[in-house]
Number of protein chains: 2
Amino acid sequence: MAAAERSTRDRVLDSFETLLVTAGSRAATLDAVAADAKVSKGGLLYHFPSKDELVVGMLARLREQGAADAAKMRTAKKGPVDYYLSTSAHTGSDFDRALVAAARIAQEHDQRASEALADLRDGWFTVLREHLGDEALARTIQLIGDGLYFDDTMGLQAKGALTHVRNVLRRLDVL
Amino acid sequence: MAAAERSTRDRVLDSFETLLVTAGSRAATLDAVAADAKVSKGGLLYHFPSKDELVVGMLARLREQGAADAAKMRTAKKGPVDYYLSTSAHTGSDFDRALVAAARIAQEHDQRASEALADLRDGWFTVLREHLGDEALARTIQLIGDGLYFDDTMGLQAKGALTHVRNVLRRLDVL
DNA sequence: GTCTATAGGCCGATAGAC
DNA sequence: GTCTATCGGCCTATAGAC
């Protein structure tokens, strides 16, 4: 089957995420989302009857993407740790964008977004702990991943950060 | 001299930061800030002629607090690493609140906020590198601190995270 | 320095044509 | 399914009394 055109629904969610990530939730208005997705506001509101439904739709898509990512992490060639760290820094993937977008929403006291993010983190942690057999090490590596991710979303990424981390993890016989 | 009452100016900045941290920038409106600081909107705008000036005032205060923190880190009893890590998780200090508030602003494409945060991070990194004499280790520890800080601001804090980190750092002869 | 009143614009959402 | 037109509300900011 030929690849279908990206549906209006998906384009709207893409635009919502992009605006959240690049300009913050203040800028992610229905007007702005509709303009970016090239639909009228009325058209947008046909698919998502309220702004809140836009959030719900986004989080549902995020959870799907998250399940796929955890599976990929388990069977990654270079191992789960390397996969986790190298995807914590910005990769430009759709999943990345959805993750950062959800973080922006979570910061505004949205429990559904916080829960989705917490569940995703639990998934990654489970894989790390199983693979390493060491809770302290698994938690520390998860924190390093969070740090990489945080720096990236804040535009604070220091050069060579990932290389430095790999260097230190080799001293711990992890890589 | 007796402790002066907190000035209206400072109360307004306090309220602005608190709203940013607890409810996000969308909720940190002039109306909300004025109400929280118990001033009228007109009264608020006498001290800060525009919302942008509120941001400028907040960042100026943050830089003062940041310089004091770096100095404290240098001479901390348990050493800079322990000081840095234990203050990366939430301490409830005014400095903490200002830091998170600035991060919220930085996420909305505000270059002044991003610069202020980057400068603060440079200060901490300088102390860590000088103390450790090891750039890779210093960067990794900074990332762990960022991770602790990120988890905290997102309400994702895993129990015992700091203990796990100390455990791993002892294996590296850092603590 | 602090207040009330209000201007002018953008926000989320509805109604109804096509 | 997508559009235009429009409503009421909230946002930033100004004007001017006290």
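- Side-chain polar atoms of A:Asp96 and A:Tyr149 form no donor-acceptor pair below 3.5 angstrom.
- The CG-C1' distance, from A:Leu44 to C:dT14, rounds to 14 Å in whole Å.
- Salt bridge present: B:Asp146 and B:Arg121 bring a charged side-chain N and a carboxylate O closer than 4.0 Å.
- Between A:Glu135 and A:Arg129, none of the side-chain N atoms (NZ, or NE/NH1/NH2) sits under 4.0 Å from a carboxylate O, so this pair counts as no salt bridge.
- Whole-Å rounding puts the B:His47 NE2 to C:dC3 C1' distance at 12 Å.
- Contacts classified as side chain to side chain donor-acceptor pair (under 3.5 Å) and involving residues 158-175 of chain A (residues at least two apart or in different chains) are given here: A:Asp82-A:Arg166, A:Asn167-A:Arg171, A:Arg171-B:Asp134.
- Using a 4.0 Å cut-off between charged nitrogen and carboxylate oxygen, B:Arg112 and B:Asp52 count as a salt-bridge pair.
- The phosphate of C:dG1 (OP1 or OP2) has a side-chain N or O of B:Tyr46 nearer than 4.0 angstrom.
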Please list each protein N or O that sits under 3.5 Å from an N or O in nucleotides 8-12 of chain C, with the distance.
| residue | atom | partner | partner atom | Å |
| --- | --- | --- | --- | --- |
| C:dG12 | OP1 | A:Lys51 | NZ | 2.8 |
| C:dG12 | OP1 | B:Arg26 | NH2 | 3.2 |
| C:dG12 | OP2 | A:Leu30 | N | 2.8 |
| C:dG12 | N7 | A:Lys41 | NZ | 3.1 |

